[in-house]
Amino acid sequence: MNKLLTLALLAAAAFTAQAQSYPGNKPIALVVPFAAGGPTDRVARDLAVAMNKQIPGSNFVVENTVGAGGTLGAIRVAKAAPDGHTLLVWHVGMATTPIMYRKLSYKPLEDFEYLGMINDVPMTLIGKPQLPANTYRDFENYIRANAGKLNLAHAGLGSASHLCGLMWQSAIKLSESMTTIPFNGTGPAMNALLGGQVDVMCDQTTSTTGQIEGGRVKGFAVTTARPMSSHKLLKDYPTLAEMGLKNFNLTIWHGMYAPKGTPAAITKQLNEALQRALKDPEFVKKQEALGALLVTDKRVTPEGHKAFVAAEIDRIRPVFEAAKAYAD
Ligand code: ASP
């Protein structure tokens, strides 16, 4: 047998052995860079259940590593052993934070293996139950008249709630901004809103739907381009675009990542399992009830996922640079 063929056979045997021995008895940490109870935590917990069904004997466990707009969790995964046992579940922050945090110790397009995107989630503008407004129009008028006295909660600089809050305040051309209050995730921010300690938040529907339905917070509008007409609760809320904020359209995507250098046999296995998990009827149903859609297009592949994040960075960069929205 020639030498090249022997090497190729050895490599193929190593690939198969790696794929067969993974994950072994060790749990697989799904690192969520925000606190428990928020939308990133929600999708990661639903995903863990779906992934456990796909990889026999696996034990996906959510671990919350919080702080600095999600970047501390991302750093943990970028620097973890590339053995498939420490993975990241993160959202649009993968694209916003490299622009806002100019001294990041990792590079989003170089320091991760892309494992595929998970879901797309619209956002909702919500307020504490004590606010004296019940419609979007009254809400906007109330904010206009009182912005200097009101607080907007978010999950840290570069988070989705921060991005949405900035975009909305700029779209309604407030003369005075609300005070922004950062939390380690919108789970704790929601608690502050429920308790009336903060006034307003823009968060993914996966966190807000249940609270709006239960009457614990007031919902005012959704951030999708078109009305959410097939959702039993959110169909009753106007889009910001319908309310006169031309072209307002914000949907938050979430994806899964491994540290750079994770063996191809493992990333392939994870991506294939993710693609099957995204078709798991239970996972689909849970997320749809919360207004989210699991990804079914080419962004489920590692290449499609990475190309999409690269395009998002290019799309967002000029907006943040023009606003000089830097976190350092
Ligand atoms: N929804 C959050 C954000 O605003 C983060 C979280 O998932 O807790 O980015």
Side-chain angles (χ1 to χ4, degrees), residues 30-48 62-74 76-77 87-101 108 117-127 151-169 178 180-194 198-212 217 219 221-224 234 250-257 286-287 290-293 309 312-313 316 319-320 325 327:
L30 279 185
V31 175
V32 167
F34 295 113
T40 315
D41 185 72
R42 169 79 275 144
V43 70
R45 284 178 199 274
D46 289 352
L47 179 69
V62 171
E63 291 183 9
N64 303 82
T65 300
V66 306
T71 56
L72 297 187
R76 175 179 164 198
V77 177
L87 310 177
L88 176 67
V89 172
W90 202 12
H91 64 12
V92 64
M94 195 63 152
T96 55
T97 55
I99 307 163
M100 294 190 84
Y101 294 72
M117 302 227 342
I118 310 164
N119 67 355
D120 291 304
V121 195
M123 300 191 89
T124 31
L125 258 183
I126 58 174
N151 295 321
L152 172 95
H154 63 81
L157 300 176
S159 65
S161 42
H162 181 227
L163 179 67
C164 181
L166 289 182
M167 282 172 65
W168 178 65
Q169 291 190 83
M178 287 184 274
T180 56
I181 313 277
F183 289 81
N184 277 334
T186 44
M190 180 66 86
N191 288 338
L193 195 74
L194 296 173
V198 292
D199 305 295
V200 176
M201 181 159 71
C202 181
D203 200 17
Q204 285 105 305
T205 59
T206 38
S207 259
T208 60
T209 307
Q211 304 293 4
I212 298 173
V217 299
V222 294
T223 63
T224 42
L234 299 169
L250 187 60
T251 296
I252 302 303
W253 44 268
H254 299 77
M256 184 160 75
Y257 309 83
K286 270 195 210 160
Q287 288 278 307
L290 300 173
L293 284 181
V309 174
E312 282 288 273
I313 294 175
I316 295 166
V319 182
F320 278 27

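Note that the structure is a prediction, hence the values are computed from the model and not measured. For ligands, and for the atoms within them, numbers begin at 1 and follow the listed sequence.
Interatomic distance, I118 CD1 to L47 CG, rounded to the nearest 0.5 Å: 5.0 Å. Here L193 contributes atom CG and L152 contributes atom CG; the two are 10.0 Å apart, rounded to the nearest 0.5 Å.
Between the side chain of S207 and the backbone N or O of Q204 there is no donor-acceptor pair closer than 3.5 Å. Remark: the backbone N or O of M94 is not paired with any side-chain donor or acceptor of Y257 at under 3.5 angstrom.
For ligand 1, the protein residues placed under 4.0 Å by at least one non-hydrogen atom are F34, G38, P39, T40, H91, A155, S159, A160, S161, G185, T186, D203, Q204.
Checked by atom type, the side-chain pair T206/R42 shows no donor-acceptor distance below 3.5 Å. Side-chain atoms of T97 and T71 form no donor-acceptor pair, as typed in the model, at a separation below 3.5 Å.
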